[in-house]
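First up is the structure itself, then whatever we jot down about it.
Letters A, B, ... are given to chains in the order of the sequence lines, protein chains preceding strands, and every chain is numbered from 1. Computed over heavy atoms, backbone and side chain alike; hydrogens, waters and symmetry mates excluded. It should be emphasised that the depicted structure is a prediction, and the values quoted were computed from it without experimental measurement.
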There are 2 protein chains.
Amino acid sequence: MAFMTENQPKKPSKSDRTRAQILEAARLLFAEHGYEGTSIRDVAAHASIDPAMVIRYFRSKDELFARAAVVDLQLPALRVIDRNAIGETLIRRFLEIWEGPASGPGMAILLRSATSNEFAAEKLRDVFGNQVRPVIATVADPADAGRRAGLVSSQLLGLAMCRYLLRLPPVVALSHDEIIQNVGPTLQRYAVGEA
Amino acid sequence: MAFMTENQPKKPSKSDRTRAQILEAARLLFAEHGYEGTSIRDVAAHASIDPAMVIRYFRSKDELFARAAVVDLQLPALRVIDRNAIGETLIRRFLEIWEGPASGPGMAILLRSATSNEFAAEKLRDVFGNQVRPVIATVADPADAGRRAGLVSSQLLGLAMCRYLLRLPPVVALSHDEIIQNVGPTLQRYAVGEA
DNA sequence: TGCATTTGTCAACGACCGTTGGCATATGGC
DNA sequence: GCCATATGCCAACGGTCGTTGACAAATGCA
């Protein structure tokens, strides 16, 4: 084998663990306090390491944020499910993404900083264009899939804002069933409803 | 008259004008770049004045922000209108607030900073509790007026995020009529719909 | 005109920030 | 055990920030 310098899937070399610790601390803090509200010194303290190491492993704060702010919504294929259950399917996946154990804080990181950080805003628009819109386009006229996906996103981002970032008490108090029953029909109409 | 030290409603004394200039510059910048993204030096430059004056007129950056972030939604009295037009009335008022000439950038200031500034977040929750919720409570069972107002807010804050802050292209492209026709029914159901 | 008050400028402070380079220590192959 | 390398700490840099106090100019009343 003449190529050993790239893609070594084994080797949990000491540094990989610190690298992961830094990234985990960064994701936690970025999700909770946003880009400007999180300093490299904060991240370093949370990872029990020197601030200089954060720069050594990730070249800059911007690059660290870019690594932390990766989002893969893994939206279900809507075409294969009952057409009347599209809204419910979307809102159920939304709750998994935000409250499920598997999904990371990626969306929280982006949403927390998108209002004051242009990179985060652009990344969030990318998520919309590359992950939400295409899925809606499989079940709606592609000509207005953008419009429909935009409406869906407005409801879902607003719900996330109120429930997870702003923590508006009545919205926090909603049960999963209440959310599904109330928001599901909205998404259904936005995604595949008349007009 | 023995009391002259308080409440002089006349007198547009030179200082009142600079004070207003500073506040206007602050509102503009806070609305566009958020609390952390706006420095006192930026505000001073926009008002063509020395940074020290900003502190002299408003005692601190926090106090300046508090003065800039006043919001009065002036929501219409829903009880006196056609019960079937409540959703449409709400979304029309929403568009006036965000795009009308009279309303200031108050909501943009709050929403822009609410994700990373606890004071702005609390202020936004206050707007919900003192302005949105009471209006919904006049047309819905007061027992779940909070829930209904929360759902309404989730849709409206989400729409504002996507259209005015994040500037998601398909949402920016929506005409007023499209917004009214699509979001109006959602608000109608959230505010006074079944269940 | 003289003078007290207002209105404004300027320089600097301490704090925190991202980032850098030098130096100590630990690790792992020979 | 030797030594190159990886890993980590420390001190400091240049910069921006909110804020302060001293001082200058303008204003307005006597």
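In terms of phosphate contacts, A:Ser60 brings no side-chain nitrogen or oxygen within less than 4.0 Å of OP1 or OP2 of C:dG18.
B:Leu64 places its CG atom 10 Å from the P atom of D:dT19, with the value rounded to the nearest Å. The interatomic distance linking A:Arg56 (CZ) with C:dC23 (C1') rounds to 11 Å, in whole Å. Distance, A:Ile55 CD1 to C:dG22 P: 17 Å, rounded to whole Å. Nucleotide D:dT7 holds its C1' atom 13 Å from the CD atom of A:Gln21, rounded to whole Å. A:Asp50 places its CG atom 13 Å from the C1' atom of C:dA24, with the value rounded to the nearest Å. Put simply, CD1 on A:Ile22 is 11 Å from C1' on D:dT7, counting in whole angstrom units. The CZ atom of B:Phe65 sits 19 Å away from the C1' atom of D:dT19 (whole-angstrom rounding).
Here A:Tyr57 lies in heavy-atom contact (under 4.0 Å) with sugar-phosphate atoms only. Contacts of B:Ser48 with the nucleic acid, taken as non-hydrogen atoms under 4.0 Å apart, are absent.
Across C:dG8, D:dT19, C:dG18, the shortest atom-to-atom separation from the side chain of A:Ser39 is found for C:dG18. The side chain of B:Met53 sits closest to C:dT7 out of C:dT19, C:dT7, D:dT19. Closest contact between the side chain of A:Arg41 and the listed nucleotides C:dA12, D:dG8, C:dT19 involves C:dT19. Looking at the side chain of B:Ala52, the nearest of the listed nucleotides C:dT19, D:dG21, C:dT7 is D:dG21.
Note that the CG atom of A:Leu28 and the CG atom of A:Leu23 stand 11.5 Å from one another [nearest 0.5 Å].
Side-chain atoms of A:Gln188 come within 3.5 Å of backbone atoms of A:Arg83 as a donor-acceptor pair (strictly under, hydrogens ignored).
Residues B:Tyr190 and A:Val183 are in side-chain contact: their nearest non-hydrogen atoms beyond the backbone lie under 4.5 Å apart.
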Carefully, step by step, assess A:Glu194 and A:Arg189 under the rule side-chain contact (heavy atoms from CB on, under 4.5 Å). CA-CA 7 Å; A:Glu194 94 289 346; A:Arg189 185 161 49 81; 4.3 Å; yes
